[in-house]
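Structure first, then comments.
In this text the structure is predicted, and so the values were computed from the model without any measurement. To find a chain, count down the sequence lines: A is the first, B the second, and so on, and within it residues start at 1.
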Amino acid sequence: MKRLILIDGSSYLYRAFHALPPLTNAAGEPTGALFGVVNMLRATLKEKPDYVAFVVDAPGKTFRDDLYPQYKANRPPMPDELRAQVQPMCDIVHALGIDILRVDGVEADDVIGTLATQAADAGMEVTISTGDKDFAQLVRAPDGNGGGSIALVNTMTGSRMDSDAAVIEKFGVPAGRIVDLLALMGDTIDNVPGVEKCGPKTAAKWIGEHGSLEGVIAAAPGIKGKIGDNLRAALDRLPLNRELVTIRTDVPLEQGPEALVLRERHVDQLRGLYARYGFNQALRELEGGTVGAEVAEKEPGRARGTGFATATAAAPEGLDPALAAPGQYETVTTVEQLQAWIATLRAAGSFALDTETDSLDPMRARLVGLSFAAEPGRAAYLPLGHDYPGAPAQLGYEQALDLLRPLLADPAVRKIGQHGKYDLHVLRRHGVAVAGYADDTLLESFVLDSGNARHDMDSLALRHLGYTTVKYEDICGKGVRQIPFSQCALDDATRYAAEDADITLRLHRVLSARLQAEPQLQAVYRDIEMPLVQVLERIEANGVLVDMDELRRQGADLSRRMLEAQERATALAGRSFNLDSPKQLCALLFDELKLPALVKTPKGQPSTNEEALEAIADLHELPRIILEYRGLAKLRSTYTDKLPEMVNPETGRVHTSYHQAGAATGRLSSSDPNLQNIPIRTDDGRRIRRAFVAPPGRKLVACDYSQIELRIMAHLSQDPGLLGAFASGADIHRATAAEVFGRPLEEVTVNERRAAKAINFGLMYGMGAFGLARQLGIDRGQAQDYIALYFSRYPGVRDYMERTREQARERGYVETVFGRRLHLEYINARNAAQRAGAERAAINAPMQGTAADIIKRAMIAVDAWIADHAQRARMLLQVHDELVFEADEEFVPELVSRVPELMSAAGDLSVPLVVDTGIGNNWDEAH
DNA sequence: GCACGCCCGTAC
DNA sequence: GACGTACGGGCGTGCG
């Protein structure tokens, strides 16, 4: 069967123009869109079509303009940057041997529609390559009778639609009803107004209920609500809309599809064009044969994934060839197969493990399958929960997990994962307690390359193996039309899942070798990060109890006060406006009320942030009202409204996720929900903490390090003054004030202590005189004097900071007391602002990072101790310098005596590590 | 309708 | 440009 590919050139040119950064070649000519189109074309040609056409719009009026004079009236002219790329694009397309079709008075869509229909009628297999969803109306599956087919591919997203089923999956209606759908939706780009507020979902729903556009029109009088009114208002123009969105399949063309033969490419012309525009990869392919062959061999006949993202990088130099060889994957569906694999994995002594599920939330996800790899290139996928029409028989959960349990629970068999904490959760919740979780490629990468790299598997595979992984999207789609993993075909699932285990194993080979060569980093990885995985998994599983009634009460109170503030704001402004909109606020305050715009956002706009509003609060009443409103709105939207939604229905508790590779300094981060930024500084905010409670008979206990980062600064700098202050147990900010302002401790004023505190914190963040002046509301010269005075009293600190900057410049990284490194990409940047930023990060990272190391070590020690008392106490939360526990009331004394000891012992510094504790029925009281 | 960038604000 | 590390909500805009 002959194959025809029709490329929607205009669509790709625009999309590439918007999607890619504004690249230029050496001569300064814009090349971004061109680059995108060229990559797309190269990928398309790898499909080896018999016929190809690159179709573009031609100038001139079309039949649609006659039907509807406002058609496309709102379109801005083509940007110059893009216009400049049109001719080069045509040159390249031509040199590739592809015909360019441009028909006067006919839009590209209609040319494509006509050619596609003619070709399919003649029995060809037609692919339309476009980003425009409207073409879905042309999709037609092979009739199995010698008739042709029309499929749609979008090489930018990798999606493919080749049957009514696929169209229905994406749009909720079959190909034949797409025009009805589009008529209802309208198209703002083409200036075709549809039914207001009617998107694809509503349109599909109506068509589903009433059969067709005619059905919907007939049913219009009975459709309720605002949207029903909108529909009735639009009734008259719906037939015209449909005509406008219908792609013509019968325009007269001079030549048929059989004339569009793909010709031999002009290598010399291409070489010149690629060189001129700096397309080095394309150039290499031209000279060296076929770069893409490897991908094609690995995934024969695969039509998708030919977008920009899949350019296959060469394997890094020096990579063990075994780690670059293609993989062979097996789908395990019988007991015999599974037993054979278990024997293989056990014999190997270590293996990579990965789970597939139906959710990203590890506390809700249901297991769909497991994959394993014991040697590079050999991996298996064990499907358990694939459920779709025609799904092959699979092993039962219980049977399979019973067979696997001894292996997974055996601490002597080492398991390797990528972000294994997730898999540990899932398996635990399915009755399997994994032991021997020994290596994690996410954490290996995090420890090795913190600061200058991403650590997700796709990035790691490309960086360390030169390998482009199968993306989840390729298998399951994305957006609203994404299907759960349990509904994807077993061979697709195996290709994806087994690859995950395979790649994890290969990555571990590469990364563990690198760690081996760095004993300090190896120690951070082996003694801190890996043991912490199970600790975090337990903390997350514990969750924290939330008093929903308390949140509801607070939410209602906040709403009432927000309304009051809003009414007062409206009265003051003399008109209504959206208090949540910084843009509208700007217009009101700075244009209408002519208040001075004293603060600018990073983009140079007038800012309405707290500082800006405070600055004009004495000139007008409104700014204060807005500040009041903002404070209330933040609490309600972020906390009282959202937290109840996050309660897990199975456990009745809130389970945050801690990200072990979340912050480059080594700190954890928390999300879904973020429990590390619950308010504490204002009374209203603090009240939120009353909703984090202990169940009856239990208490919450909070233990926090006192001034840990400043103590680390004392340790790192070995400054005698600072060391002495901490040794004496003095209030550190008061002691600093006494030193800087030259008076006895007892004579330090409140303001002096405040200034000293600002200096102490500011220095740790690399703050300069400018920042200190702003913070304290003093002039810059005075701030400079304070800083100079500080450094003269604490010269060790000054020397330490200079040493740190120097080390960062020389080595490109800084390190913590425990040897954790943070790489600083911009430390020697030409751009002064970038460089200054990197220097501040360099100053801060050893302190923040050492504190993170210490509390992580403490968590491991506390977890080990608490394991013996698991019924009586649980660790619930970590907030950078604080650990929160829930304990039986009778156990609290023991906890309060033991935990601070363990926390203090987690670091061996030149100053004491002091831990404060609090006990209460809720988190607020426990402080 | 959705994805994304911006602005803003919360924590340590 | 000016204070480090995070996460997240609401708004406004672009999408071809």
Side-chain angles (χ1 to χ4, degrees), chain A residues 8 10-15 17-19 57 72 75-76 78 82 109 130-134 185 187-190 197-202 478-480 578-586 600-603 605 607-613 630-631 633-639 641-642 656-657 659 662-682 685 688 704-705 708-709 758 761-775 780 822 831-834 836-837 839-845 847-849 851-852 855 878-882:
Chain A
D8 186 359
S10 305
S11 155
Y12 275 113
L13 189 65
Y14 269 104
R15 286 168 59 92
F17 181 68
H18 289 294
D57 283 320
K72 295 193 176 178
R75 285 204 187 181
M78 185 183 274
L82 182 53
D109 292 12
T130 179
D132 187 347
K133 61 189 182 324
D134 292 10
M185 285 167 55
D187 188 336
T188 42
I189 303 303
D190 290 346
K197 298 280 170 204
C198 176
K201 283 181 192 154
T202 306
K478 66 174 198 172
V480 285
N578 184 348
L579 277 79
D580 292 318
S581 165
K583 196 176 139 109
Q584 292 185 29
L585 220 46
C586 263
K600 298 275 192 262
T601 69
K603 285 270 175 190
Q605 299 300 308
S607 172
T608 64
N609 68 11
E610 183 176 355
E611 189 191 349
L613 296 181
R630 282 246 181 97
K634 171 80 177 175
L635 292 175
R636 201 188 67 172
S637 65
T638 312
Y639 303 107
D641 282 1
K642 286 295 174 324
T656 183
S657 287
H659 306 281
T665 53
R667 266 194 188 179
L668 300 179
S669 73
S670 155
S671 68
D672 310 296
N674 180 355
L675 296 184
Q676 292 182 320
N677 71 347
I678 303 298
I680 195 168
R681 291 173 188 178
T682 66
I688 304 285
D704 68 288
Y705 286 106
I708 187 167
E709 291 189 17
F761 280 110
L763 284 173
M764 287 195 299
Y765 298 148
M767 185 167 65
F770 180 93
L772 184 64
R774 204 168 68 161
Q775 172 92 21
R780 202 175 152 173
L822 171 65
N831 179 318
Q834 283 185 335
E839 285 184 6
R840 291 192 295 273
I843 296 291
N844 179 254
M847 292 178 268
Q848 191 181 115
I855 196 167
Q878 190 254 43
V879 193
H880 308 309
D881 66 354
E882 173 186 8

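For the pair A/Asn844 CG and C/dA6 P, the interatomic distance rounds to 10 Å; values are reported in whole Å. Distance A/Asp580 CG to C/dG12 P: 9 Å, rounded to the nearest Å. One interatomic measurement links the two molecules: CG of A/Asn831 to P of C/dA2, which rounds to 11 Å at whole-angstrom precision. A straight line from CE of A/Met185 to P of C/dC15 spans 17 Å, rounded to a whole angstrom. Note: CD (A/Glu839) to P (C/dA2) measures 14 Å, nearest angstrom. Summarising the geometry, the separation between CZ on A/Arg667 and P on C/dC7 is reported as 11 Å, rounded to the nearest angstrom. One interatomic measurement links the two molecules: NZ of A/Lys133 to C1' of B/dC2, which rounds to 12 Å at whole-angstrom precision. Rounded to an integer number of Å, the gap from NZ of A/Lys600 to C1' of C/dG1 is 15 Å.
Applying the ring-ring contact (aromatic ring centres under 6.0 Å, His included) test to A/Phe761 and every residue at least two apart in sequence or in another chain returns A/His733. Contacts of A/Pro582 classified as side chain to side chain contact (heavy atoms under 4.5 Å, CB included), with partners at least two apart in sequence or in another chain: A/Thr608. Judged as a salt bridge (Lys or Arg N to Asp or Glu O under 4.0 Å), and not counting sequence neighbours, the contacts of A/Arg636 are A/Asp641. Evaluation of the side chain to side chain contact (heavy atoms under 4.5 Å, CB included) rule for A/Asp132 yields A/Asp8, A/Asp109, A/Thr130, A/Asp134, A/Phe135 as partners, not counting sequence neighbours. Applying the side chain to side chain contact (heavy atoms under 4.5 Å, CB included) rule to A/Asn609 yields the partners A/Val599, A/Ser607, A/Glu611, A/Ala612; only residues at least two apart in sequence or on another chain are considered.
For the pair A/Ser581 and C/dG12, the criterion of a side-chain N or O lying under 4.0 Å from OP1 or OP2 is met. Listed pair A/Lys583 / C/dG10 fails the phosphate criterion, with no side-chain N or O lying under 4.0 Å from OP1 or OP2.
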- Query: For every nucleotide of nucleotides 5-10 of chain B, 5' to 3': is a protein heavy atom under 4.0 Å from its base (B), only from its sugar-phosphate (S), or from neither (-)?
  - Reply: -SSSBB

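Of the candidates C/dT5, C/dG16, C/dG12, C/dG12 carries the atom nearest the A/Gln584 side chain, counting heavy atoms from C-beta on. Of all nucleotides listed (C/dG10, C/dG16, C/dT5), C/dT5 comes nearest to the side chain of A/Gln848. The nucleotide whose nearest atom lies closest to any side-chain atom of A/Ala664 is, among C/dA2, C/dA6, C/dG1, C/dA6. Here C/dG4 is the nucleotide among C/dG4, C/dG12, C/dG16 with the atom lying nearest to any side-chain atom of A/Tyr765. The side chain of A/Ser669 lies closest to C/dC7, out of B/dC12, C/dG16, C/dC7. With C/dG1, C/dT5, C/dG12 as the choices, the nucleotide that has an atom nearest any side-chain atom of A/Ala841 turns out to be C/dT5. Relative to the side chain of A/Ser637, the nucleotides C/dA2, C/dC7, C/dG9 differ in distance, and C/dG9 lies closest.
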- Message: Applying side chain to side chain contact (heavy atoms under 4.5 Å, CB included) to A/Arg630 and A/Leu613, what does each step give before you reach the verdict?
- Response: CA-CA 11 Å; A/Arg630 282 246 181 97; A/Leu613 296 181; 3.8 Å; yes

- List the steps, then state whether side chain to side chain donor-acceptor pair (under 3.5 Å) holds for A/Ser670 with A/His659. CA-CA 6 Å; A/Ser670 155; A/His659 306 281; over 6 Å; no

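Across all strands, A/Gly762 comes closer than 4.0 Å to no nucleic acid atom at all (heavy-atom distances). Nucleic acid contact for A/Ser11: none, since no nucleic acid atom lies under 4.0 Å from a heavy atom of the residue.
Each of A/Thr665 and A/Asn578 was matched to the nucleotide of DNA chain C holding its nearest heavy atom; the match closer to the 5' end belongs to A/Thr665.
Here the side chains of A/Leu13 and A/Ser11 are not in contact, with every heavy-atom distance at 4.5 Å or above.
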